[in-house]
Q: 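Below is the structure I would like to discuss, written out as structure tokens.
Counting starts at 1 for both ligands and their atoms, following the listed order.
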Amino acid sequence: MSAIGVVSSCSCLRPGVRLRKPGMEKMSSFGLHTAARCAAKDYYEVLVLGGGTGGITMSARMKRKVGAGNVAVVEPSKTHYYQPLWTLVGGGAKQLATSARPTGSVMPKGVEWIKSRVTALDPDKNCIWLENDIKIKGLPEGFHHPKIGSNYSVHTVEKTWKALQDFKEGNAIFTFPNTPVKCAGAPQKIMYLSEAYWRKTGKRSKANIMFNTSLGVIFGVKKYADALLEIIKERNITVNYKRNLVEVRADKQEAVFENLDKPGVTEVHQYEMLHVTPPMGPPDVLINSPVSDEMGWVDVDKETLQHKKYPNVFGIGDCTNLPTSKTAAAIAAQSGVLDKTISLVMKNQLPTKKYDGYTSCPLVTGYNKVILAEFDYNAQPLETFPIDQSKERITMYHMKADMMPFLYWNALLKGYWGGPAPVRKLMHLGLK
Ligand code: UQ1
């Protein structure tokens, strides 16, 4: 049985039902933005949950009562089935296809179909929550308070610096969500910078620094994880694994984390500074799109970057389901491969050049130190320079802070930088 909950019992008809806005940052090839929602508006006089027999029938009736524009149906399935026929399908007297119609074709004209799944009901507030509303309670409103920032949005990145400077005494908490994120190293880079800043300004002993991560490891590549764990120990930082930020009470400076090993069990931490890495996901336009996989990422071949189903569609960057870390360095390497793939496809030939998953994460561990992580699809180091890159180096800091911006604006964006593979070959005398 599907969850056919028609919210339109009379008491719910007025004042209507509100859809909660997603708090999730959207990833696209255009960067991060708080995208529009999956429904045209966030309030309906009648909101029908479930597009089965009851839901579609009631939406038709409610449309006649309050007008099509005031009714919406939340239903994730693309197909509506006339299930009474399944007796005959099971008995071999009818084909399954004869019981199926596209959901869009049974939706009353003018009624909005919200292609999503209901995840929670709040009848006291006349609200429902939709899937993809992976939202941290209290955010983004909480960003209006001081002491909280996020390097992941143009609107909040400068608040991080303010909170860092205003720090007096207490917990400094840095979070990592339970979704894929852009540059998985960034949530901890800001922590190392903060630690260094407080040391420089004589406040280090006043700060209890915590990294609360949803993951079970500090970094996905062992060589760099080992180096980072050394730094964490040396700098007296606490790492709490499997902790997911679920609520921020900004007025009280409290952050609430769910213990992912004990679902439903939460812990409240007081903070003097909070750096939030928000949950991230594909942009709404890609969710349930024909070009997307079931999670909403553009479904491309991991070697050629050609779409798995539509040969004239290609994907690059954060919006794809390429199983590698989402960084500018990854995009650089992908751009070189995709150029070759498209050139061949345009000549009706099969793509030959293969992307190995190359990505790079310059792990900033201080104001003059970087561990330059570079690795492939197998989480194996794929380093450009013939030195141990898991060591903190000042040269790598200058590369990150001074050279990379130049390379980005003048070479990558102009289509002349396809990643460091040629440099790597040269540096390793053609052996890597
Ligand atoms: C890189 O190619 C790149 O794209 C421009 C980055 O993004 C800004 C990087 O941070 C890094 C490290 C690379 C890799 C380049 C070299 C020379 C190792």
Q: Check contact between L372 and ligand 1, using heavy atoms of the residue and a distance below 4.0 angstrom.
A: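 It does, in that a heavy atom of L372 comes within the 4.0 Å cut-off of ligand 1.
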Q: With a 4.0 Å heavy-atom cut-off (strictly under), which part of Y358 contacts ligand 1: side chain, backbone, both or neither?
A: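 Side chain only; the backbone of Y358 stays clear of ligand 1.
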Q: Could you identify the single nearest non-hydrogen protein atom to atom 4 (O) of ligand 1 and state the distance to 0.1 Å?
A: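 Ranked first by proximity to atom 4 (O) of ligand 1 is A329 CA, 3.7 Å.
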Q: Give the atom numbers and elements of ligand 1 that come within less than 4.0 Å of a heavy atom of W417.
A: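 Counting from 1, the qualifying ligand atoms are 1 (C), 2 (O), 4 (O), 5 (C), 15 (C).
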Q: Compute whether any side-chain donor of one residue and acceptor of the other, for T384 and E374, lie under 3.5 angstrom apart.
A: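 Yes - a donor-acceptor pair under 3.5 Å links their side chains.
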Q: Between the side chains of K223 and D388, is the shortest nitrogen-to-carboxylate-oxygen separation below 4.0 Å, so that they form an ion pair?
A: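 Salt bridge present between D388 and K223.
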Q: Quick one: nearest non-hydrogen protein atom to atom 7 (O) of ligand 1, plus distance?
A: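 Going atom by atom, the protein heavy atom closest to atom 7 (O) of ligand 1 ends up being A328 CB, 3.5 Å.
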Q: At a non-hydrogen distance cut-off of under 4.0 Å, which region of P362 contacts ligand 1 (side chain, backbone, both, or neither)?
A: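 For P362, the contact with ligand 1 is made by the side chain alone.
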Q: Report yes or no: is the cationic atom of K302 (NZ for Lys, CZ for Arg) closer than 6.0 Å to the six-membered ring centre of Y377, at no more than 45° off its axis?
A: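 Yes, K302 and Y377 form such a contact.
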Q: Centre of Y367's six-membered ring, under 6.0 Å away, within 45 degrees of the axis: is that where NZ or CZ of K200 sits?
A: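 Yes, a cation-pi geometry.
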Q: Check V423 against ligand 1 and report side chain, backbone, both or neither, counting heavy atoms closer than 4.0 Å.
A: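 Neither; no heavy atom under 4.0 Å.
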Q: Pick one of side chain, backbone, both or neither for how E374 approaches ligand 1, counting any non-hydrogen atom pair under 4.0 Å.
A: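 Within the 4.0 Å criterion, E374 contacts ligand 1 through side-chain atoms alone.
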Q: Can you pull out the closest protein heavy atom to atom 17 (C) of ligand 1? Residue, atom name and distance to 0.1 Å, please.
A: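 Going by distance alone, atom 17 (C) of ligand 1 is nearest to M404 CE, 3.7 Å.
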Q: Using only heavy-atom distances, determine whether the side chains of T327 and T359 contain a donor-acceptor pair under 3.5 Å.
A: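 Yes - a donor-acceptor pair under 3.5 Å links their side chains.
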